[in-house]
Amino acid sequence: MDELIYGHNQEKNIVAVQQFDESTVRIYIREKDTVREEIRKFYPFFFLSDKSYIEGFNKKFWLKKLAGNNFYQYACAFEDLTDMWNAIRYILRNYSNKHMIKVESYIDTDIIYLRPDPVHQFLLQTGITLFKGMEFNDVYRIQLDIETYSKHRFSNPERIEDRIILISLTDNRGWEYIIDGRKKSERQMLIELVEIIRKKDPDIIEGHNILNFDLPYLIKRAELNEVDLSIGRDGSKPKITTTTYDRETVFTGIEIYGRHIIDTLILVQLYDFVKREFESYSLKYVSKYFGITSEDRIYIPGEKIAWYWDNDPDSLVKYALQDAHETRKLSELLTPPYFYLTQMLPFSFWQVIKSGSSSKIESLLVRAYLKRRHSIPKPDTGFQTTGGYTDIFYTGVFENVAHADIESLYPSIMIKFKIAPQKDELGIFLQMLESLTKMRLEAKHKMKNATTPEEKSKYDAVQSAFKILINSFYGYLGYSRAIFNDYESADKVTTTGQKILKKLILEITNRGGKVIEADTDGIYFIPPEEFSTDEEKVKEFVKDIASTLPEGINLAFNGIYKKMLSYKKKNYALLDKNGNIEIKGASLISRGMEPFARKYISECVKFLLNNEIEKIHELYKSLFKSIAERKIDIYELAKTETLRERLDRYQELVRLGKRNRSAAYELAIASGRNYRQGDKITYYITGSSPDVRSFENCKLVDDWNPLRRDENVQYYLFKLNDYTRRFEVFFKPEDFKKIFSLKDGLNFDDVQIVTRKISREIDFD
DNA sequence: GTGGACAACTA
DNA sequence: TAGTTGTC
């Protein structure tokens with residue numbers, strides 16, 4: 001089965017004519033048996049071209065892997081069909097004695113994408129290593145970080161007086177270098193950078209936020225200094241890629257011919273998409289999180305760079321190098337899964353990082369079909385009707401709560417019950433899923449046997465990458481644009497999952513356990529008394545429950561939590577044995593809340609879990625006071641919202657009455673500044689009554705005047721009490737009133753946290 | 001170039 | 001009621 005996943009290294013004799021759009025067609029031809037077996041493994045395909053696409057091919061790896069060999073690849077792209085057919089005739093005439101030529105046309109089919117064609121990968125990676133058979137460390141990576149000087153708050157490459165002062169460079173072979181602006185002009189610095197990149201010839205250039213800061217800055221300054229930033233493998237300059245969206249040109253990235261660019265910021269965002277643990281995506285924060293911070297780390301905030309440059313440049317140099325080293329370490333932790341995925345998928349490294357999971361799955365499926373010369377289906381129209389089962393049975397605070405979940409519920413169901421798209425006539429879907437599952441287990445095994453923390457987290461990343469891929473098989477079924485979609489099968493998966501979870505609840509309850517909350521594939525419960533708090537005994541209990549499930553559906557015991565606070569479906573908090581607290585759910589922890597509210601709620605949750613009722617009272621009082629007396633930090637009161645729409649579009653929708661006015665947009669417009677989609681606006685509410693309309697009574701935090709505070713005290717006090725109501729369910733009414741009052745000298749010894757049973761009939765059918 | 005449903009909450 | 005944030 002691996003053969004299908006690593007298909008592009010195994011394909012034999014495929015020739016395809018591929019239509020990319022109305023006017024562009026490509027022909028792929030493979031040379032016949034002129035390549036040694038071990039070479040074929042690496043690069044089995046050849047392009048025919050008169051455009052010399054091949055010039056930029058990575059000679060280093062090519063030569064390294066294929067030393068002494070003598071054969072050719074060509075690429076070919078045509079602007080129209082006549083040219084294409086002429087070319088085919090030409091090829092047949094001149095090459096048919098040497099090559100196996102078969103031309104297969106997909107031109108008249110409904111296929112829009114044939115991305116999985118292995119040769120497509122080849123073209124995309126022109127000049128770049130395919131990574132096949134390589135380890136991550138085999139690839140040569142350079143990290144780049146620039147420091148800039150500005151008298152303003154934000155450095156701007158368009159401002160002629162701003163400039164690059166340091167370029168720090170490191171690589172994965174222990175080299176480090178500073179291009180020092182003390183000794184050189186900016187122009188000289190840029191020329192040196194080009195020389196170094198060309199001489200070192202990295203496969204990958206890495207940086208944190210390199211796509212939105214370092215590279216655009218370098219490109220702009222090179223322009224101003226009239227330096228040719230020719231760092232591509234063919235001597236070309238970086239290319240800024242754009243797309244037109246809503247009749248507006250949108251920046252999508254930067255390409256350097258023959259090299260990959262890795263922006264660790266994007267990798268961090270992807271990582272957090274799964275883990276959701278980061279407070280910030282800054283290099284400093286994330287490095288601390290991963291424990292990869294350099295020794296004697298120097299921290300220099302952005303606005304202090306100019307000061308350091310004038311007063312203590314040596315520290316700045318050290319700081320800049322540390323940035324580059326941390327970027328390298330960060331990349332070593334986060335890049336490998338995508339590196340190894342690139343070996344499986346017919347996408348370039350960058351596409352693997354940027355593309356969604358569905359296109360990855362589909363590329364594997366289509367490639368297998370292409371290989372077998374089987375026709376390819378069209379997407380079905382329709383929709384999915386069911387999802388996971390979620391329920392809550394108790395609210396309140398509970399002691400010794402066990403957690404168990406079914407490992408990879410949906411993939412297991414698909415494998416166990418053989419649920420796959422009906423359209424998948426070749427049965428590739430399940431074979432692929434099984435194979436990937438096996439690979440994930442291998443990665444997990446390696447993680448378990450890892451001897452260093454670095455190795456461990458690397459394999460953790462690898463296995464979680466596989467997990468994302470495996471989990472998206474289910475999502476793929478219900479995806480409207482997937483060519484193999486199958487809504488019926490998607491529903492079958494979810495309803496089977498519901499049945500299994502309900503059975504689990506039933507089994508636990510029947511044995512005297514108390515289920516508190518369940519969601520999709522996991523369950524929090526209090527084990528029957530006889531198992532008490534003994535972890536080993538509970539393990540046995542879970543094993544017993546697990547034995548009632550179908551074979552292939554594995555229930556895992558994840559341990560016992562000291563306390564659990566259950567609030568609503570998908571909203572709860574956990575206190576583990578080490579005293580760590582985990583809060584889940586949008587109503588208890590949300591980026592949309594004002595920071596003061598976030599902190600207030602999480603503190604209250606902490607006190608509830610530790611049964612420190614008096615501290616809740618004290619917190620409420622002090623917070624109330626600091627708002628009432630205008631002592632609280634304005635940032636604590638301010639909301640931060642993302643502008644999701646373009647401002648003119650917002651205005652248009654408001655004008656048409658299709659959208660309500662919103663504070664963030666109104667402020668963005670009023671500011672007169674050029675806010676763009678995705679920008680964040682931080683604002684607070686003004687006025688004097690608690691029920692003001694926010695879009696009419698708001699102000700940017702930046703415009704806040706500490707000497708004339710104008711935040712709406714009544715509004716925020718009302719908000720405080722509003723948030724407080726979330727805790728109503730945990731107390732008797734009189735206790736609630738007492739705790740959230742401003743009186744002094746109260747006693748809370750007799751306050752009991754209330755637990756409630758939510759009566760509920762489960763439909764077990 | 002593009003996974004999904006379900007839940008809580010806000011304006 | 002639509003949009004956002006979150007869980008799985």
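Naming: A, B, ... by sequence-line order, numbering from 1 per chain.
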Checklist entry - With sugar-phosphate meaning primed atoms plus P, OP1 and OP2, does R591(A) contact a base, only sugar-phosphate, or nothing at under 4.0 Å between heavy atoms? => result sugar-phosphate

Next on the checklist: Of the options dG3(B), dT7(C), dA7(B), whose atoms approach the side-chain atoms of K569(A) most closely?
Outcome noted: dA7(B)

Item to check | d(CD, E517(A); C1', dA8(B)) in whole Å | outcome: 13 Å

Checklist entry - Do Y479(A) side-chain atoms and S472(A) backbone N/O form a donor-acceptor pair below 3.5 Å? => result no

Checklist entry - Looking only at side-chain N and O atoms, does Y487(A) come under 4.0 Å of OP1 or OP2 in dA5(B)? => result no

Next on the checklist: By the 4.0 Å heavy-atom rule, please label K719(A) as base, sugar-phosphate, or nothing.
Outcome noted: sugar-phosphate

Next on the checklist: What's T386(A) touching, base or sugar-phosphate or nothing? Going by heavy atoms closer than 4.0 Å.
Outcome noted: sugar-phosphate

Next on the checklist: Using a heavy-atom cut-off of 4.0 Å across all strands, would you classify S587(A) as base, sugar-phosphate, or nothing?
Outcome noted: sugar-phosphate

Item to check | Distance in angstrom units between Q498(A) CD and dG4(B) P, rounded | outcome: 18 Å

Checklist entry - How far, in whole Å, is dT7(C) from dG3(B) if one measures between their C1' atoms? => result 16 Å

Checklist entry - Side chains of Y487(A) and T385(A): is there a donor and an acceptor less than 3.5 Å apart? => result no

Checklist entry - Looking across every strand, which nucleic acid part, if any, lies under 4.0 Å from D521(A) by heavy atom: base, sugar-phosphate, or nothing? => result sugar-phosphate

Next on the checklist: Applying a 4.0 Å non-hydrogen cut-off, can you work out what K639(A) is touching in the nucleic acid: base, sugar-phosphate, or nothing?
Outcome noted: sugar-phosphate

Checklist entry - Could K502(A) and Y389(A) be counted as a cation-pi pair, given that NZ or CZ must be under 6.0 Å from the ring centre and within 45° of the axis? => result yes

Checklist entry - Under 4.0 Å between a side-chain N/O of R644(A) and OP1 or OP2 of dG3(C), yes or no? => result no

Next on the checklist: Under 4.0 Å, counting only non-hydrogen atoms across every strand here, what does I589(A) touch: a base, just sugar-phosphate, or nothing?
Outcome noted: sugar-phosphate

Next on the checklist: Does a side-chain N or O of T390(A) approach OP1 or OP2 of dC6(B) to a distance below 4.0 Å, or not?
Outcome noted: no

Next on the checklist: Just by distance, no angles: are the side chains of E594(A) and Y684(A) close enough, under 3.5 Å, to form a donor-acceptor pair?
Outcome noted: no

Item to check | Whether Y665(A) and Y650(A) hold their rings parallel, tilted or perpendicular, with breakpoints at 30° and 60° | outcome: parallel

Item to check | R649(A) CZ - dG3(C) C1' separation (whole Å) | outcome: 14 Å

Item to check | Between dA8(B) (C1') and I583(A) (CD1): distance, integer Å | outcome: 16 Å

Checklist outcome for this item: Between the CZ atom in F417(A) and the CD1 atom in I553(A), the distance rounded to the nearest 0.5 Å is 5.5 Å

Checklist entry - Any side-chain N or O of K570(A) less than 4.0 Å from the OP1 or OP2 oxygen of dT7(C)? => result no

Item to check | Touch class at under 4.0 angstrom, heavy-atom based, for R659(A) against every strand present | outcome: nothing

Item to check | Phosphate OP1/OP2 of dC9(B) contacted by Y567(A) side-chain N/O (<4.0 Å) | outcome: yes

Checklist entry - To the side chain of Q384(A), which of dA11(B), dA5(B), dT7(C) is closest? => result dA5(B)

Next on the checklist: Using whole Å, what does the distance between atom C1' of nucleotide dG1(B) and atom CD1 of I361(A) come to?
Outcome noted: 16 Å

Next on the checklist: Output the rounded distance in Å from CG (D519(A)) to C1' (dG6(C)).
Outcome noted: 11 Å

Next on the checklist: Checking E362(A) against Y476(A): is there a side-chain donor and acceptor pair closer than 3.5 Å?
Outcome noted: yes

Checklist outcome for this item: In whole angstroms, the gap separating P of dC9(B) from CD of E594(A) amounts to 15 Å

Checklist entry - Base, sugar-phosphate, or nothing for Y665(A), non-hydrogen atoms under 4.0 angstrom? => result nothing

Item to check | side-chain N/O K568(A) vs dG6(C) OP1/OP2, d < 4.0 Å | outcome: no

Item to check | Integer-rounded Å distance: dA8(B) P and K584(A) NZ | outcome: 17 Å

Checklist entry - Picking from dT10(B), dC8(C), dT2(B), which would you name as closest to the side chain of S355(A)? => result dT2(B)

Checklist entry - How is Y479(A) classified with respect to the nucleic acid when contacts are heavy atoms under 4.0 Å: base, sugar-phosphate, or nothing? => result base

Next on the checklist: What contact category does R725(A) fall into here, base, sugar-phosphate, or nothing, at under 4.0 angstrom with non-hydrogen atoms?
Outcome noted: nothing

Next on the checklist: Once you apply a heavy-atom cut-off of 4.0 Å, does G475(A) come out as touching a base, just sugar-phosphate, or nothing?
Outcome noted: base

